[in-house]
Amino acid sequence: MTTPPHQPAPNPYSGAPVPPNPYAGAPAAQPNPYAQQPAPGFPAQQGAPGAMPPGAMPHDPAYAPPYGHVPAPGCRNCGAPQAALFSVRAHVGVLVLMRFHTLNGPFCRPCGRSLVRTMTTKTLCQGWWSPLSLVLFTPFTLFWNLLAAIKFGKLPDPTPAPGRQPLEEGPPVHARPLAYVAIIPLLWFTWVAVNIYLDASGSR
């Protein structure tokens, strides 16, 4: 006896009417009334360098900002763009207590030289009263500030930001009396040491 082939059941949904798309023929989206508009008399702002235009992919290297791109810094005090990224140091040593002061740039020529002179004078006045300061930290600080003075001295005349003024350089270090304060105890120590040596030599 031959079994008749299996016949699929009829699809009860075939021929059913398709409901109309309620969004077909909808009006186009209206522009955003809160979008930022250019000011009267100025053209519309274009994308900044490195910005992605519409349709560009985030990973597209053609529109990626350059690696390590950092805007040019200005003087930390007056905002002048003619500035050098260098720090100025001062050191204070009193017996076992020591203090380290650092002002990080960038600074323009007058601001940098003013800080170098002020902090170098402070170091010459207060930086010799500790053994480690005497042989290590104060000489290092003075040498560092010498490099800073050379670097700032090579800068051109600054153009401060509106409403800001550079620092006055003031007199040079050798014209400041506080720079010679350490000479007084140094001379006294030298005089005592010489007398002790002479006394020891005469007693022999």
Side-chain angles (χ1 to χ4, degrees), residues 39 42 45 48-50 65-198:
F42 291 88
Q45 182 180 5
Y67 178 77
H69 174 71
V70 179
C75 177
R76 183 176 166 186
N77 179 68
C78 68
Q82 304 87 355
L85 186 60
F86 207 83
S87 60
V88 185
R89 301 174 182 269
H91 176 71
V92 177
V94 180
L95 299 180
V96 296
L97 300 178
M98 291 180 291
R99 291 183 180 179
F100 303 86
H101 304 275
T102 303
L103 292 178
N104 295 317
F107 297 112
C108 66
R109 185 179 66 186
C111 293
R113 295 178 69 174
S114 175
L115 294 173
V116 166
R117 294 177 178 183
T118 300
M119 300 187 74
T120 299
T121 304
K122 181 181 181 68
T123 302
L124 287 172
C125 179
Q126 304 177 4
W128 304 101
W129 314 108
S130 167
L132 288 178
S133 301
L134 178 64
V135 299
L136 181 60
F137 296 119
T138 294
F140 169 78
T141 302
L142 296 176
F143 179 73
W144 181 277
N145 286 351
L146 176 62
L147 297 179
I150 296 175
K151 192 174 187 67
F152 293 136
K154 295 180 180 180
L155 295 174
D157 293 335
T159 305
R164 301 169 69 177
Q165 294 295 329
L167 298 174
E168 294 184 2
E169 296 186 15
V173 175
H174 63 79
R176 303 189 181 202
L178 288 178
Y180 301 97
V181 170
I183 295 181
I184 299 175
L186 180 62
L187 293 176
W188 177 82
F189 176 80
T190 304
W191 180 78
V192 172
V194 169
N195 284 323
I196 293 176
Y197 174 77
L198 293 178

*Would a 4.5 Å heavy-atom cut-off, applied to side chains only, mark Val88 and Asn145 as touching?*
yes
*Where do Leu95 and Ser130 come nearest, in terms of heavy atoms and distance?*
O-OG, 2.7 Å
*Test side-chain contact (heavy atoms from CB on, under 4.5 Å) on Leu115 and Leu167 and set out the steps.*
CA-CA 8 Å; Leu115 294 173; Leu167 298 174; 4.1 Å; yes
_How close do Ala90 and Lys122 get, counting heavy atoms only, and between which atoms?_
CB-CD, 4.2 Å
*Closest approach of Arg113 and Gly153, non-hydrogen atoms and distance?*
CD-CA, 4.4 Å
*Where do Arg89 and His101 land on the side-chain contact (heavy atoms from CB on, under 4.5 Å) test, with the steps shown first?*
CA-CA 6 Å; Arg89 301 174 182 269; His101 304 275; over 6 Å; no
_From Arg176 atom CZ to Thr118 atom OG1, the distance as rounded to the nearest 0.5 Å_ = 4.5 Å
*Measure the spacing between OG of Ser114 and CE of Met119 and express it to the nearest 0.5 Å.*
11.0 Å
*Between Tyr180 (side chain) and Ala175 (backbone), is there a donor-acceptor pair under 3.5 Å?*
no
*asked:* Walk me through whether Trp144 and Phe137 qualify under ring pair (Phe, Tyr, Trp, His ring centres under 6.0 Å).
replied: CA-CA 10 Å; Trp144 181 277; Phe137 296 119; over 10 Å; no
*If every non-hydrogen atom of Thr141 is compared with every non-hydrogen atom of Thr123, which pair is closest and at what distance?*
CG2-OG1, 3.8 Å
_To the nearest 0.5 Å, what is the distance between CG on Leu103 and OG on Ser87?_
8.5 Å
*asked:* Can you tell me if Arg99 has over 12 outside heavy atoms packed within less than 6.0 Å of its CZ?
replied: no
_Pairwise distance OG1(Thr121) to CD(Gln126) - rounded to 0.5 angstrom_ = 11.0 Å
_Looking at Phe143, I want to see if its CZ is surrounded by more than 12 non-hydrogen atoms of other residues, nucleotides or ligands under 6.0 Å._
no
_Measuring from atom OG1 of Thr120 to atom CG of Leu178, what distance do you get when rounded to the nearest 0.5 angstrom?_
13.0 Å
*Least distance between heavy atoms, Pro166 atom then Pro110 atom*: CB-CG, 3.7 Å
*Thr159 and Gln82: side chain to side chain donor-acceptor pair (under 3.5 Å), yes or no, with the steps?*
CA-CA 7 Å; Thr159 305; Gln82 304 87 355; 3.3 Å; yes
*CG on Leu147 to CZ on Phe86, rounded to 0.5 Å*: 5.5 Å
*Aromatic rings Phe152 and Phe107: how do their planes relate, parallel, tilted or perpendicular, breaks at 30° and 60°?*
perpendicular
*Take Val173 and Leu124, measure what side-chain contact (heavy atoms from CB on, under 4.5 Å) needs, and give me the verdict at the end.*
CA-CA 9 Å; Val173 175; Leu124 287 172; 3.7 Å; yes
*What are the two closest non-hydrogen atoms of Gly74 and Pro106, and how far apart are they?*
O-CG, 2.9 Å
*Please examine the side chains of His91 and Met98, heavy atoms only from C-beta on, and report whether any two atoms are closer than 4.5 Å.*
yes
